[in-house]
Amino acid sequence: MPFIPEMPRTPETTGTTGAREMRELMERLDAVVASARRAEERAAEWSARQFVGRADEGRIVARTDALGTLVALEIHPLSRKRLDARRLADEITAAVVRAERAATDARDELMNGLRP
């Protein structure tokens, strides 16, 4: 909790409407600061995540970062052997699209959670 100095208590401020308003404003400010911290923490967690998309019965696995950039692609030898070039390309594309969609869905969920 941030340090907030107390207002000096004088006959003019003790129990007056001004002092009450000041306390309410300080409480609102504390709530805004706490909310901003939570949002920052959630955004940091989201940005560190990786998202997975699978295809060809899980034998092709694509991983993206939070922005949907491909960071890894794993292709099982059985997929290479079993699929012709066209079908292999289609399955790779499907896995990448699924990973990108997972990243986009997570971003949208994060943004919706940050709205008041």
Side-chain angles (χ1 to χ4, degrees):
M1 177 175 237
F3 172 74
I4 301 172
E6 285 190 38
M7 279 185 56
R9 293 185 175 268
T10 64
E12 296 84 33
T13 61
T14 305
T16 66
T17 302
R20 185 174 45 249
E21 287 175 355
M22 180 60 102
R23 278 192 305 276
E24 289 172 1
L25 287 173
M26 294 306 286
E27 289 171 2
R28 287 175 52 195
L29 178 60
D30 286 344
V32 168
V33 168
S35 179
R37 273 197 200 111
R38 285 190 303 274
E40 187 176 315
E41 290 168 0
R42 290 187 66 201
E45 290 170 4
W46 167 78
S47 67
R49 290 177 56 192
Q50 287 192 355
F51 301 89
V52 176
R54 299 178 188 280
D56 192 31
E57 300 175 1
R59 290 186 282 264
I60 297 175
V61 180
R63 294 183 197 287
T64 66
D65 63 13
L67 299 176
T69 303
L70 185 65
V71 295
L73 179 65
E74 301 167 18
I75 304 169
H76 192 278
L78 185 58
S79 293
R80 291 181 191 189
K81 190 177 216 178
R82 197 172 68 75
L83 303 173
D84 63 22
R86 175 67 180 214
R87 286 194 54 218
L88 182 59
D90 289 344
E91 293 296 323
I92 290 170
T93 301
V96 171
V97 167
R98 288 180 182 126
E100 290 172 336
R101 189 174 303 127
T104 299
D105 291 348
R107 183 202 63 219
D108 293 345
E109 182 180 319
L110 171 69
M111 296 306 288
N112 288 335
L114 296 179
R115 289 190 178 101

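- In this structure, CG in L29 is found 13.5 Å from CD in E24, a value given to the nearest 0.5 Å.
- Within the structure, salt bridge (Lys or Arg N to Asp or Glu O under 4.0 Å) pairs that include any residue of residues 43-56 comprise D56-R59, D56-R82 (at least two apart or interchain).
- Contact record, A99 with A62: CB-O, 3.7 Å, taken as the closest heavy-atom pair.
- Note: the hydrophobic cluster containing L67 also contains M111 (ILVMFWY, side chain heavy atoms under 4.5 Å, direct or indirect links).
- The 12-atom threshold is not exceeded at CD of E109, counting heavy atoms of other residues, nucleotides or ligands nearer than 6.0 Å.
- Among all heavy-atom pairs drawn from A106 and F51, the shortest one is CB-CE2, 3.4 Å.
- For R98, there are no salt bridge (Lys or Arg N to Asp or Glu O under 4.0 Å) partners two or more places apart in sequence or in a different chain.
- Heavy-atom minimum distance, L70 versus V96: CD1-CG2, 4.1 Å.
- Between atom CG of residue L25 and atom CG of residue D30 there is a gap of 11.0 Å, rounded to the nearest 0.5 Å.
- The shortest side-chain heavy-atom distance between I60 and L73 falls under the 4.5 Å cut-off.
- Looking only at side-chain heavy atoms (C-beta outward), D105 and R101 come within less than 4.5 Å of each other.
- Separating the CD atom in E21 from the CZ atom in R23 is a distance of 10.5 Å, to the nearest 0.5 Å.
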